[in-house]
Trainee: 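Below are the structure tokens for one structure; questions will follow.
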Amino acid sequence: MDLTHAPEVAAFRAEARAWLAAHVPDSPLPSLETAEGFAAHRAWEARLHADRWSAVSWPAEYGGRGVDIERWLVFEEEYWAAGAPGRVSQNGISLLAPTLFDHGSAEQRARVLPPMASGEVIWAQAWSEPESGSDLASLRSRAVRTGGGWLLSGQKTWSSRAAFADRAFGIFRTDPQAPKPHQGLTYLMFDLRAPGVTVRPIGRLDGKPAFAELFLDEVFVPDADVIGEPGQGWRIAMSTTGNERGLTLRSPGRFLAAAQRLRALWRAEGDPADTAARDRVADAVVGARAYELFTWAAASRFAAGERIGAESSLNKVFWSEYDIALHETALDLLGPDAELAEGAWAEPWVFSLAGPIYAGTNEIQRDIIAERLLGLPKGRR
Amino acid sequence: MRFLPTGEQSDFARTLRGLLDASQVPAAVRAWGAGDHGPGRALWSRLAGTGLCALAADEAHGDLGGLGPLPVELALGFVELGRAGVPGPVVETAAAAVLLSELARLGEEGPAKRFLPGLVAGEALATLTLPGGGPYALDADAAAYCFTVSAAGGLRLAGGGEGGPLRSTDPARRLSRPAPDGEPLATGPRVLAAARTALDWARLLTAAQCLGVGEALLASTVRYVKQRTQFGTPIGGFQAVKHRLADTLLALEFARPLVWAAALGLTPWEVAAAKLAAGEAAYAAAMTALQLHGAVGYTEELDLSLWLRKARPLRDAWGSPSACREAVLGELKG
């Protein structure tokens, strides 16, 4: 058992730290859920990409550095510790790119990944539909065969980043006659500015258009933008939750940095006699370390060739509930100033509230934990 | 970086598990609670035969039987002790070995020469109190030696408990206040330094034991809810039941790496973090086990009670959650 990094990993950390110290903006960028902030975050992606820091785990030919998961986690620690901006390209980098590596063609990788790495093309996800949330496989948006491609029709919703993004990816029903709902689905990429696409931004709780509804009316998608075989969309979409990226949708570095900021806030603002507040700060510190160590153990298993499957559900429930508790503690320490919308903890708190809902609700995750890790019988949801 | 037990470390834990599975531990726990320490002592002697207690003692004093210090191996072993529900002052015996061994390393060899070989060989159980720990010595009536370290740094062999042992909410535990008299063994800053190290080990090994206790409670409860049928279906199919068990697993799985890291580094704040998380996870597992077993879980005749009653005292022993939270923030700077 060993928790130390090899010298070359330490050197990589030092290189990342030095670059970030020289380049991270002095003051925070405007919220990425606004037009102005989106543009600023896109420019930041280009800055990262110029020195090959935007997608370090990708091969060099696509703009990455080909680093292993250990170094990726180290990079993330440094990134968040440096107070660097949120990643507007996260949907593409953490969801679509792994799918392309596993199931896409060489042509698709060469065409899609470089502009994703540079921020030139920002991706939105298009999974949910008005009648298909947790029961995603019941989705009804369809893709109908046409000459040289497919015509998409239907409605997608809760599409993160879609208010300002360029392109989207999701699954569509291509064979309505398939015997089971998981069959007959196809994984597609499409242009959010193509004819037939209407994007209606949706204000989240604080009013910012963090997601959108997509209305699709015979939107043409060329065959080149189908990922994998038609009809295999469900399997392809689910496979990325079972690899190491399923464990790292939220990297530990993010929470280590947040816990560090919380501890600093407590030292500055906390009442030493308030042991209840002290206990919650301690829980945040311990939780961040637990999440970090859990991830190192999982990364070690992954590096040893083991598959990470339903364990990623443990991970998702943990970080999403941890994140809310951490921000609530910060707000309590701020007292009356907690309510100020421009406060440093306000928008991150609003953001944290969505965690237990997206990427598979925590109710679904707990079902997965109970059924696949504990072997309990499947029941009615 | 390979944050997983090595093959050897896993093999050692598996060996202990096999030995314990074949040892009728619940009967030994019930006998222990009834004042018959024979089966528990025999069990401890078999465990020591695997080298378990020797892992706590420094091999630099090879003539005294030490094989360590190997805190990772010992912690993995104590997870198994917790899982099996082993009774007695097992953490305390290991912590006493650390105290004596550490004192020898610091130059005070007398007490180690006198007591360590018997502890390492499993011939004797020990108990102890330390500055920063609680006032009671566990199972002094069953231990051959009761060591006590005063806040001023005096180590002595305490006489029997004043007024006899007190009963715990767990019948398999008895608590004594060390008598104020007894034979002085050593004194001074070296004693205090060794006692600080021993306290961290006691806290670490209690955390490891909690993890095992919690895992045993979860496993029993998962088995039960698959068998128990109500409304014509196993209750384990109900979402309210599943989600409670999912949360129980979650807490244990996130405590485990904290215990590993605490064993690797033995830094006080990490040990406190591990104890906090593992103690709370084990107690939560106990409450889940009790609720999901229903009324039969509330009985002493079901062996589940042996683990249920252990979870709360272990959560608080060698560092309550509140004390651990204070230690986490007190030590970390910035």
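Residue numbers start from 1 in every chain, and the chains themselves are labelled A, B, ... in the order their sequence lines are given, proteins ahead of strands. Values in this document were obtained by computation on a predicted structure and should not be read as measured data.
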Trainee: At a 4.5 Å cut-off on heavy atoms, which part of Thr233(B) comes close to chain A: side chain, backbone, both, or neither?
Mentor: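 Looking at Thr233(B), nothing touches chain A.
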Trainee: Among the options Leu245(B), Leu276(B), Thr6(B), pick out the one with the most heavy-atom pairs lying under 4.5 Å from chain A.
Mentor: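 Most heavy-atom pairs under 4.5 Å with chain A: Leu245(B).
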Trainee: Decide yes or no on side chain to side chain contact (heavy atoms under 4.5 Å, CB included) for Phe294(A) and Leu258(B), but give the supporting numbers first.
Mentor: CA-CA 8 Å; Phe294(A) 181 91; Leu258(B) 286 167; over 6 Å; no
Trainee: Of all the heavy-atom pairs spanning Pro377(A) and Lys242(B), show the shortest one and how long it is.
Mentor: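 In terms of heavy atoms, the two residues are closest at O-NZ, 2.9 Å.
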Trainee: Counting only non-hydrogen atoms closer than 4.5 Å, does Val225(B) touch chain A with its backbone (N, CA, C, O), its side chain (CB onward), both, or neither?
Mentor: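 Just the side chain, heavy atoms under 4.5 Å.
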Trainee: To the nearest 0.5 Å, what is the distance between CD (Glu70(A)) and CE (Met1(B))?
Mentor: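 Between atom CD of Glu70(A) and atom CE of Met1(B) there are 5.0 Å.
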Trainee: Between the side chains of Arg278(A) and Ser322(B), does any donor sit under 3.5 Å from an acceptor?
Mentor: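 Judged by distance alone, the side chains do pair up.
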Trainee: Can you list everything that forms a side chain to side chain donor-acceptor pair (under 3.5 Å) with Arg196(B)? Sequence neighbours excluded, please.
Mentor: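 With neighbours one apart ignored, the set is empty.
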Trainee: Could you note down all residue pairs passing salt bridge (charged side-chain N to carboxylate O under 4.0 Å, His left out) where residues 69-84 of chain B supplies at least one of them, sequence neighbours left out?
Mentor: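 Of all non-adjacent pairs touching residues 69-84 of chain B, those that pass salt bridge (charged side-chain N to carboxylate O under 4.0 Å, His left out) are Arg17(B)-Glu80(B), Glu80(B)-Arg83(B), Arg83(B)-Glu215(B).
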Trainee: Specify which of Gly375(A), Ala6(A), Ala303(A) makes the most heavy-atom pairs with chain B at under 4.5 Å.
Mentor: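 With the most close heavy-atom pairs to chain B, the winner is Gly375(A).
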Trainee: Pick whichever of Thr4(A), Ile369(A), Leu314(A) has the most heavy-atom pairs under 4.5 Å with chain B.
Mentor: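 It is Leu314(A).
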Trainee: Looking at Trp349(A), I want to see if its CH2 is surrounded by more than 12 non-hydrogen atoms of other residues, nucleotides or ligands under 6.0 Å.
Mentor: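 Counting neighbours around CH2 of Trp349(A), 12 or fewer heavy atoms of other residues, nucleotides or ligands fall under 6.0 Å, so no.
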Trainee: Starting at CD of Glu292(A), measure out to CZ of Phe3(B) and round the result to the nearest 0.5 Å.
Mentor: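 Going from CD on Glu292(A) over to CZ on Phe3(B), the span is 9.0 Å.
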Trainee: Heavy-atom pairs under 4.5 Å with chain B are the metric here; pick the option from Val317(A), Thr275(A), Val9(A), Val286(A) that has the most.
Mentor: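 Winner by heavy-atom pair count: Val286(A).
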Trainee: Scan side-chain atoms only and decide if His243(B) and Asn362(A) contain a donor-acceptor pair under the 3.5 Å cut-off.
Mentor: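 No, no side-chain donor-acceptor contact under 3.5 Å.
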Trainee: Within a 6.0 Å radius of atom CD on Glu8(B), are there more than 12 heavy atoms belonging to other residues, nucleotides or ligands?
Mentor: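 12 or below, so no.
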Trainee: So for Val222(B), is it side chain, backbone, both, or neither that comes closer than 4.5 Å to the heavy atoms of chain A?
Mentor: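 For Val222(B), heavy atoms of backbone and side chain both lie under 4.5 Å from chain A.
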Trainee: What are the two closest non-hydrogen atoms of Leu3(A) and Ala261(B), and how far apart are they?
Mentor: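 Smallest heavy-atom distance, with atoms named: CD1-CB, 3.9 Å.
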Trainee: Mind checking the CD-CG spacing from Glu306(A) to Leu4(B)? Nearest 0.5 Å is all I need.
Mentor: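 Here the rounded value is 7.5 Å.
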Trainee: Heavy-atom distance under 4.5 Å to chain A: side chain of Leu264(B), backbone, both or neither?
Mentor: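 The answer is the side chain of Leu264(B).
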Trainee: Please round to the nearest 0.5 Å and tell me the distance separating atom CD of Glu253(B) and atom CG of Leu373(A).
Mentor: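 It comes to 8.0 Å.
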Trainee: Closest heavy-atom contact between Gly236(B) and Leu376(A)?
Mentor: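 Shortest heavy-atom separation between Gly236(B) and Leu376(A) comes out as O-CB, 3.6 Å.
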Trainee: Testing Val285(A), Asp283(A), Val281(A) one by one against Arg325(B) for a side-chain contact (heavy atoms from CB on, under 4.5 Å), which residue passes?
Mentor: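 One option only clears the test, and that one is Asp283(A).
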Trainee: What closest approach, in Å, do Arg366(A) and Ala246(B) show between heavy atoms, and which atom pair accounts for it?
Mentor: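 Shortest heavy-atom separation between Arg366(A) and Ala246(B) comes out as O-CB, 3.7 Å.
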Trainee: Looking at Met1(A) and Gln9(B), what are the two nearest heavy atoms and their distance?
Mentor: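 Smallest interatomic distance, heavy atoms only, reads N-OE1, 3.6 Å.
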Trainee: Testing the basics here: between Trp260(B) and Ala297(A), what is the closest heavy-atom pair and its distance to 0.1 Å?
Mentor: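 What the structure gives for the nearest pair is CZ3-CB, 4.1 Å.
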Trainee: Does the pair Arg289(A) and Phe254(B) meet the rule for a side chain to side chain contact (heavy atoms under 4.5 Å, CB included), with working shown?
Mentor: CA-CA 10 Å; Arg289(A) 178 67 169 161; Phe254(B) 280 87; over 6 Å; no
